Amino acid sequence: MRYCIVGAGFSGAVIGRALAEAGHKVLVIDERLHVAGNCHSQRDPQTGVMTHVYGPHIFHTADERVWAYVQRFGGMRPYRHRVQAVAGGMVYSLPVNLLTINQFFRKVMGPEEARAFVATKTRPISNPANFEEQALSMIGAELYEAFFRGYTRKQWGLDPAQLPASILKRLPLRFDYDDSYFAHPHQAIPERGYTELVAAILDTPNLELCLGARFEDLTEAFAHVVYSGPIDRYFHYDLGRLGYRTLDFETIRARGDYQGTAVVNYCDEATPYTRITEHKHFAPWEKVKIEGTILYREFSRFCGPNDIPYYPIRQTNEEAMLKKYVDRAMATPGVTFVGRLGSYRYLDMDVTIGEALTAGDAMLERIAKAADIPVFFVPPLQHG
Ligand code: UDP
């Protein structure tokens, strides 16, 4: 019997390839007509710009295994992500660094002076229980209100006091002029786009890829199913729907260089969108040759039944619902849940790939021993 992998994003592709390379027959399906899930990139026919169809994706990692793995499947071009932020009619540098602090407070401070100055603004909260407390204890009320409060309310549709501190912990605070958005040693964009990269992972003997196919419609019996779709969907939403944020994009087309960088965040709550992405800047090696430009104005809203899920919200009530789905999954033989949607976690690409590599190895070990394959390789409920 074949193994079935549901979803041709990074999770599904990496696990599918691991099984196929070990000699197992694998069917990978995806209901969309392209691979790479929400990382999908496609050349815009009008401008020739490689477009991140579901919003900006920047590959960054400190995991040498993951870095070596992605490099096997296509050229990775160095790309340093920098973000500008518009707040109160001014443009600042993000993540909050010495330039942001000096400009925002109209000061000329060195690193230690700035550290001491910001410390006078923060509130001592020993164990921040949510995003707002984390922000107040890290950067103080003024920076929080200018850069995080409004943006976060737009992005998540919730007050930051209702969100976990872990979301803010994604971003560093720096007391030097390093304005690199990510601190990881490897930061890159696939030369031919994410879709080509994932297609190359899937391109191996023993693996059949079937696009435009829904798991619900399959009748074949499989040795095991690896499911990277939404866990609540697998169980027909029997216990309710886990909440996600989805994104809408408004396309802007122009000539030349429209905003001068890849991503500008709009932090004021009164501006309805969260950020504007100018895709050509993600490919500095080819942008000089491209005259036109395409941008996405990004709007976040609650994900309805027919929308594409992006960000798991993970409110307290959802954690409780997730727990019930996890219990149900644990009692369901023959299926393993993986990835962002399968485990309802806010995962970066490198973490997704790393977990999939580990899951692939562990599955092969179990198969070799004719042992049961776990329902989860990473328990969804241990997420920060
Ligand atoms: N965030 C913010 N203002 C910004 C950028 C980020 O308030 O200008 C907050 C927001 O809550 C966001 C979180 O920090 O969801 C994480 O930001 P990141 O850039 O990692 O988000 P992603 O690119 O994954 O959407």
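When a ligand or atom number is given, it counts from 1 through the structure's own listing order. Model, not experiment: these values are computed from the prediction.
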J.: Quick one: look up the protein heavy atom nearest atom 25 (O) of ligand 1 and list residue, atom name and how far away it is.
T.: Tyr311 OH, 2.5 Å
J.: Students should be able to answer this: which protein heavy-atom is nearest to atom 20 (O) of ligand 1, and at what distance?
T.: Arg170 NE, 2.8 Å
J.: Is Arg170 positioned over the aromatic face of Tyr346, cation under 6.0 angstrom from the ring centre and no more than 45 degrees off axis?
T.: yes
J.: Starting from atom 1 (N) of ligand 1, locate the nearest protein heavy atom and write down its residue, its atom name and how far away it is, to 0.1 Å.
T.: Tyr151 CD2, 3.5 Å
J.: Is there a chain of hydrophobic side chains (I, L, V, M, F, W, Y, each step under 4.5 Å between heavy atoms) that links Leu295 to Val83?
T.: no
J.: Looking at Asn130 and Gln162, would you say the former's side chain and the latter's main chain have a donor-acceptor pair under 3.5 Å?
T.: no
J.: Between Tyr227, Tyr325, Phe377, Tyr344, which is the residue that forms a ring-ring contact (aromatic ring centres under 6.0 Å, His included) with Phe337?
T.: Tyr227
J.: Quiz question: by atom type and distance under 3.5 Å, do the side chains of Asp257 and His281 form a donor-acceptor pair?
T.: yes
J.: Ignoring hydrogens, just give me the one of Phe131, Tyr144, Tyr346, Trp156 whose non-hydrogen atom is nearest atom 15 (O) of ligand 1.
T.: Trp156
J.: Tell me the protein heavy atom at minimum distance from atom 13 (C) of ligand 1, and give that distance in Å.
T.: Ile167 CG2, 3.6 Å
J.: What I'd like to find out is whether the side chain of Arg345 reaches to under 4.5 Å of the side chain of Glu355, using heavy atoms alone.
T.: yes
J.: Shortest non-hydrogen contact from Gly304 to Asp307?
T.: N-OD2, 2.7 Å
J.: Does any N or O atom in Phe147 lie less than 3.5 angstrom from one in ligand 1, N or O only?
T.: yes
J.: Which one holds for Cys267 and ligand 1: side chain close, backbone close, both close, or neither close, with close meaning a heavy atom under 4.0 Å?
T.: side chain
J.: Taking non-hydrogen atoms only, is Leu94 closer than 4.0 angstrom to ligand 1 via side chain, backbone, both or neither?
T.: side chain
J.: Taking both backbone and side-chain atoms of Gln155, is any N or O found less than 3.5 Å from an N or O belonging to ligand 1?
T.: no
J.: Can an N or O of Arg275 be found at a distance shorter than 3.5 Å from an N or O of ligand 1?
T.: yes
J.: Just heavy atoms, cut-off under 4.0 Å: does Leu171 contact ligand 1 by side chain, backbone, both, or neither?
T.: side chain
J.: Within a distance under 4.0 Å of any heavy atom of Asn265, pick out the atoms of ligand 1 and give their elements.
T.: 4 (C), 5 (C), 8 (O)
J.: Side chains of His40 and Thr195: any donor to acceptor distance under 3.5 Å?
T.: yes
J.: Any atoms of ligand 1 less than 4.0 Å from a non-hydrogen atom of Thr152? List them with their elements.
T.: 2 (C), 7 (O), 9 (C), 10 (C), 11 (O)
J.: Looking at every heavy atom in both Ala146 and Cys267, which two are closest together, and how far apart are they?
T.: O-CB, 3.3 Å
J.: Between Tyr266, Tyr181, Tyr310, flag the one that comes closest to atom 18 (P) of ligand 1 by a heavy atom.
T.: Tyr181
